[in-house]
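What follows is a single structure, written as structure tokens, with notes after it.
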Amino acid sequence: MNRLSEFMLPPQKSTVAEGTDALFHFITTTSIILLIGITIAIIYFSWKYRRRSENDVTPVITHNSALEISWSVIPLILVMIVFGWGLRGYVNLTTVPDDAYEVRVVGKSWLWEFHYENGYVSVNELHVPVNRPVRLVMSSDDVLHSFYIPDFRVKMDVLPNRYTSLWFEATETGESVIFCTEYCGTAHSNMLATAYVHEQEDFETWLLTAGAADLDMDPIELGAELVSRNACQTCHSSDGSRLQGPTFLGLFGSERVMDNGERIIADENYIRESILDPNVKIVEGYLPVMPSYTGTLNDRQIDAIIAYLRTLQ
Ligand code: CUA
């Protein structure tokens, strides 16, 4: 079964992966056996009971108890096995262990935000310890998204105005890809993140130092780093090409035409407002789809991003 898993499915990197795959293989294998058996029976019977002559008349068959019981009972047994097995998996996936480490997840068009216990926020990077249950408490700031880590075999819808949650326990360190699996607009396919699984100690070190490195950085360098870390480039290019949002190239200091005809010079205040309250002013020809970075970026970080944007002329 493990060989089959390696061939058909992503690597098993969580405690539930093996059980989930076993049920998947049971359903697939049973279906293939039934498909082959039924196909062979249809072909064989249509040959065996073909019309042989003009007066070859089909006898009237009212019923066949043995046959009817077996075609009812066998599928019933199969369905009950799948139900019981699936229910056990479902209960396991919805019963969060008491000592689970909690991370708050916010889905936005089009990025994933991860809020940790110490207030640190990472975008498109989920950091977790290995061999410890992790519970994600999730919600969306705008439309429906869906959080999916194939390596861990966990997936859950992320909704506005409601919390959903899931849990997993990673069994090895390394990186796993996170997808959004609910079509949520133009850049849905770019709504990717990475789960980084650390040794317990390394995770604690990461958590302690995550925000601290920024303090030593030069503002322009920090700004460039923040633009990349906060997934700004999903929608804003730095080379003049048009994505979902206006390009950053030549943005600072330029005259912008808004969708209401108003003309604005893109100064520090305009950029600050566009980061914190993005849909107050919309540039002509674009849609009001940018999520707010209020609570994600602090003043110092916004200053750094402005410093970086000034260099893109
Ligand atoms: Cu978010 Cu698709």
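None of the values given here were measured: they were computed from a predicted structure. Order of listing sets the numbers, starting from 1, for every ligand and every atom in it. The chain is numbered in sequence order, starting from 1.
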Legend entry - N, O or S from S146 under 2.8 Å to atom 1 (Cu) of ligand 1: no
Legend entry - Opening angle between ND1 in H188 and O in E182, taken at atom 2 (Cu) of ligand 1, to 10 degrees: 90°
Legend entry - Gap separating the NE2 atom of H198 from the NE2 atom of H127, nearest 0.5 angstrom: 5.0 Å
Inset, instruction - In plain terms, say whether E182 and K155 are close enough for a salt bridge, that is, a side-chain N and a carboxylate O under 4.0 Å apart. - result: no
Legend entry - 4.5 Å side-chain heavy-atom contact, L276 and I302: yes
Legend entry - Residue H145, metal atom 2 (Cu) of ligand 1, N/O/S under 2.8 Å: no
Legend entry - Angle in degrees, rounded to 10°, that SG of C184 and SG of C180 form at atom 1 (Cu) of ligand 1: 120°
Inset, instruction - Could you tell me whether D56 and R50 make a salt bridge, using a distance below 4.0 angstrom between a side-chain N and a carboxylate O? - result: no
